[in-house]
Protein chains: 2
Amino acid sequence: MNRSASIKDVASHAGVAVGTVSNVLNYPDRVSPRTKERVQRAIDELGFVRNDAARQLRAGQSRTIGLIVLDVGNPFFTAVARAAEDAAARQGSAVLLGDSGHNAGRESNYIDLFQEQRVQGLLISPVGDVTERLDQLRERGVHTVLVGRLADESKYSSVSVDDDAGGYLAARHLLDTGRRRLAFVGGPASIRQIADRLQGAERAVKEEPDATLEVLDSEGQTVLAGRSMGNRLVDRGRAELPDGIFCANDLLALGVMQSLAMTHQLRIPEDIALIGYDDIDFAVSAVVPLSSIRQPTEELGRTAVELLVEEAESDHPKHRAVIFTPELVVRQSTGAARSAPSAAAEVP
Amino acid sequence: MNRSASIKDVASHAGVAVGTVSNVLNYPDRVSPRTKERVQRAIDELGFVRNDAARQLRAGQSRTIGLIVLDVGNPFFTAVARAAEDAAARQGSAVLLGDSGHNAGRESNYIDLFQEQRVQGLLISPVGDVTERLDQLRERGVHTVLVGRLADESKYSSVSVDDDAGGYLAARHLLDTGRRRLAFVGGPASIRQIADRLQGAERAVKEEPDATLEVLDSEGQTVLAGRSMGNRLVDRGRAELPDGIFCANDLLALGVMQSLAMTHQLRIPEDIALIGYDDIDFAVSAVVPLSSIRQPTEELGRTAVELLVEEAESDHPKHRAVIFTPELVVRQSTGAARSAPSAAAEVP
DNA sequence: TCGTAACAATGAAACGATTCAAAAAAGTCG
DNA sequence: CGACTTTTTTGAATCGTTTCATTGTTACGA
């Protein structure tokens with residue numbers, strides 16, 4: 001079988017017209033059971049598979065949605081991608097996944113590719129400033145939803161997570177469990193998300209007159225950065241130590257935890273409570289299970305697709321910016337046992 | 001702009017024939033500079049973007065390669081995917097990435113989708129037994145390369161990594177650094193890769209008359225499984241302990257490391273050397289940086305694409321099974337400092 | 001000036017599915 | 001049985017690109 005069978009082959013093999021075969025495929029009710037069965041047999045015998053290129057050429061649009069993420073290795077994006085795929089599948093579309101790897105060139109290539117594919121729309125976590133490209137897309141009628149970044153509502157729809165609220169949640173939780181000398185570990189402040197998380201934490205601390213917040217600027221957000229920050233803390237006199245630490249992400253928190261665990265002079269959560277951000281897989285299986293802030297990735301992905309569909313279907317594009325609130329996940333590292341004794345409190 | 005501009009619009013706008021526009025796009029040399037310039041301006045003014053559906057309808061084949069992985073969240077697959085993308089891009093194709101999530105149903109959906117898209121070929125890490133589906137594909141002329149699994153060479157090409165060799169490497173390294181009472185942590189043995197790694201380790205141990213290998217069957221391959229295994233070890237008398245542990249993957253190894261670090265009676269690598277498998281990101285930033293076995297993911301992805309192209313271009317399909325050998329990555333957990341003092345030996 | 005290469009530009013045909021007006025077939029009822 | 005409605009089937013037109021045989025144009029030497 002050199003060239004795959006076309007609808008025409010099926011038609012002649014079944015002794016019917018091409019229109020009838022098409023009807024069997026798309027409007028089975030219009031076809032009598034007898035011919036339907038005959039056509040079906042022809043399809044099976046020839047191993048016929050619809051040619052999607054021809055379909056979408058006729059339809060003028062494909063049944064796919066483009067999704068460009070910053071890094072497929074990042075669990076945040078893989079979770080979003082998976083949710084987007086499910087949501088798309090539910091309404092008969094597929095998702096084309098592109099990984100820009102924080103690289104504007106690759107991002108641009110994917111935008112071109114997806115445009116040539118005539119995707120129904122584009123979901124994108126942009127690298128830097130792409131407003132120009134996106135404006136161009138808008139002019140060409142390609143609907144776009146920004147993922148994980150708040151957008152100017154007059155121009156685009158977007159789904160994002162409220163980092164300020166997340167920071168507030170984390171700090172508030174430390175305060176609620178009796179901590180008063182808080183520290184924020186993270187940096188650089190030039191990263192929007194980190195600045196927002198800090199701002200939220202400050203907001204919470206201001207609510208308690210006797211609470212303080214010390215800001216510790218880390219170099220990057222890696223486990224190693226967290227560990228060196230932890231080592232600096234351990235070197236301090238006990239009186240100068242914070243009693244609750246909020247790290248801008250889980251990697252930092254795990255690093256801090258490592259250095260405290262290694263020196264064995266400070267216990268978590270008795271001496272210092274620790275909370276991270278992102279709720280990565282490793283948070284649960286840390287030496288002391290790490291409390292964290294979970295981003296609603298499933299909702300992000302699902303909603304992004306829904307906004308896109310909504311926008312594509314209405315003639316008068318109305319943009320919406322949906323902002324999700326993250327969620328507090330309490331584990332042992334913030335002394336859950338104190339306020340709510342549970343099975344999770346068993347220390348190995 | 002309601003409907004996007006077609007090549008016909010460009011032609012009339014530039015005052016030339018459609019064929020000329022097509023030539024500008026595909027064979028610029030055939031067109032005189034003057035008309036080329038005129039056409040180019042029309043393209044820019046109308047914001048013309050090629051319709052890929054029409055292109056591939058004419059061409060009979062798309063410029064995409066389908067890749068179905070078991071889990072996009074798994075760093076192994078994301079690395080393979082990235083390499084495959086690069087390799088594909090280098091020869092003008094794009095990769096459609098599908099995530100089966102170890103689910104045969106989703107896998108089947110992607111196979112259908114990719115077939116309808118008339119992909120140039122399929123790279124797949126199959127869920128369970130898909131030989132039937134794949135045979136069907138082969139009949140329909142869709143070339144397929146299996147990724148990460150050795151295939152019957154008479155039927156398919158494949159790229160895979162030699163797990164036996166990896167196991168040998170790991171155990172040989174422990175032996176070379178003076179360890180004699182080795183333990184293998186991992187399970188269940190029903191998983192092919194794990195069985196192979198164990199087999200390789202056994203092969204190495206047999207080379208040293210005075211060395212022994214104890215097999216510890218873990219429940220799953222998670223950090224928690226590793227930790228509970230570690231706890232069981234710590235409870236043993238010192239004389240009964242292994243002096244070198246090879247874990248079937250890095251998660252297990254990190255778990256074992258956690259439990260040893262927590263009890264602080266056994267030091268790594270002085271009392272027990274530890275090596276994992278996969279070289280995940282966290283291996284570097286463990287409390288004691290973890291030695292590991294790295295799989296050549298880039299080569300896998302690149303070679304998979306190359307095999308596919310090779311197969312698609314030759315008329316007489318000749319299948320090949322390419323097996324890569326993994327690589328030893330020495331870090332502190334196996335006492336690199338002993339044999340080769342280096343900067344990496346600095347303990348914080 | 002003419003003949004002939006060499007080069008440019010043309011436009012109809014083809015790819016494979018869907019659509020839809022029209023024709024054909026099957027039912028219904030007096 | 002004939003007039004009518006309903007259901008089923010038909011097949012030409014269409015989507016946007018590429019291909020390629022054909023026609024038109026230019027350049028150059030005789």
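Chain identifiers are assigned alphabetically (A, B, ...) following the order of the sequence lines, protein sequences preceding nucleic acid strands; residue numbering begins at 1 within each chain.
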Item to complete: Report the nucleotide, chosen from C:dG16, C:dT18, D:dT17, that has the shortest atom-to-atom distance to any side-chain atom of B:Ala54.
Response: D:dT17

Fill in: Candidate nucleotides D:dT10, D:dT18, C:dT19, ranked by approach to the side chain of B:Arg58 - the nearest
D:dT18

Item to complete: Check every strand shown and say whether A:Val21 touches a base, only sugar-phosphate, or nothing at a heavy-atom separation below 4.0 Å.
Response: nothing

Worksheet item: Do A:Arg118 and B:Val49 have side chains that get closer than 4.5 Å, going by heavy atoms?
Response: yes

Fill in: Gap between atoms CG and P, on A:Leu25 and C:dG16 respectively (whole Å)
15 Å

Discussion item. Show the nearest heavy-atom pair for residues A:Glu85 and B:Arg106, with the distance to one decimal.
Written reply: OE1-NH2, 2.8 Å

Practice prompt. Starting from the 5' end of DNA chain C, give me the residue, B:Gly60 or B:Val18, whose nearest nucleotide shows up first.
Written response: B:Val18

Worksheet item: Roughly, in whole Å, what's the span from NZ in A:Lys36 to C1' in D:dT8?
Response: 12 Å

Item to complete: Considering just the side-chain nitrogens and oxygens of B:Tyr27, establish if one lies under 4.0 Å of OP1 or OP2 belonging to D:dT19.
Response: yes

Worksheet item: Of the candidate nucleotides C:dA17, D:dT9, D:dG16, which contains the atom at the shortest distance from the side chain of A:Ile7?
Response: C:dA17

Worksheet item: Distance check: side-chain N/O of A:Arg55 vs OP1/OP2 of C:dT18, anything under 4.0 Å?
Response: yes

Item to complete: For B:Arg30 and C:dA9, give me the distance from atom CZ to atom C1', rounded to whole Å.
Response: 12 Å

Practice prompt. Describe the nucleic acid contact of A:Ser32 in one word from base, sugar-phosphate, nothing, applying a heavy-atom distance below 4.0 Å.
Written response: sugar-phosphate

Worksheet item: Starting at NZ of B:Lys8 and ending at C1' of C:dA9, how long is that distance when rounded to a whole Å?
Response: 18 Å

Worksheet item: So how far off straight is the helix from C:dT1-D:dA30 to C:dG30-D:dC1, going by the axes through five pairs at either end, to 10°?
Response: 50°

Worksheet item: Rounded to the nearest 0.5 Å, how far does CD of B:Glu298 lie from CZ of B:Arg302?
Response: 9.0 Å

Worksheet item: Do the side chain of A:Tyr156 and the main chain of A:Asp135 share a donor and acceptor less than 3.5 angstrom apart?
Response: yes

Worksheet item: So among A:Ile65, A:Val72, A:Ile68, which one has a side-chain contact (heavy atoms from CB on, under 4.5 Å) with A:Leu97?
Response: A:Val72

Fill in: Separation of atom CD in B:Gln61 from atom C1' in D:dT17, rounded to whole Å
16 Å

Worksheet entry | Nearest-Å distance for atom pair CG/C1', residues B:Asn51 and D:dT14 | 14 Å

Fill in: Lys/Arg N to Asp/Glu carboxylate O, B:Asp112 vs A:Arg50, below 4.0 Å
no

Worksheet item: Heavy-atom distance under 4.5 Å between the side chains of A:Phe114 and A:Leu96, does that happen here?
Response: yes

Discussion item. Taking only side-chain N and O atoms of A:Arg34, does any of them lie within less than 4.0 angstrom of OP1 or OP2 on D:dT8?
Written reply: no

Worksheet item: For B:Leu57 and C:dA14, what is the distance between atoms CG and C1' respectively, to the nearest whole Å?
Response: 9 Å

Discussion item. What's the closest nucleotide to the side chain of B:Thr35 if the choices are D:dG16, D:dT8, C:dA9?
Written reply: C:dA9

Discussion item. Go through it in stages, so that I can follow the logic: the residues are B:Ser93 and B:Gln120, the test is side-chain hydrogen bond (donor to acceptor under 3.5 Å, both in side chains), and I'd like the CA-CA distance, side-chain angles, deciding distance and then a yes or no.
Written reply: CA-CA 9 Å; B:Ser93 297; B:Gln120 290 175 324; 2.9 Å; yes

Practice prompt. Starting from C1' on C:dC7, measure out to CG on B:Asp29 and report it in whole angstrom.
Written response: 13 Å

Worksheet entry | Nucleotide nearest A:Ser22 (side chain, heavy atoms from C-beta), chosen from D:dG11, C:dT18, C:dG16 | C:dT18

Worksheet item: Looking across every strand, which nucleic acid part, if any, lies under 4.0 Å from A:Gly19 by heavy atom: base, sugar-phosphate, or nothing?
Response: base

Practice prompt. Give one of base, sugar-phosphate or nothing for A:Asn26, where a contact means two heavy atoms less than 4.0 Å apart.
Written response: sugar-phosphate

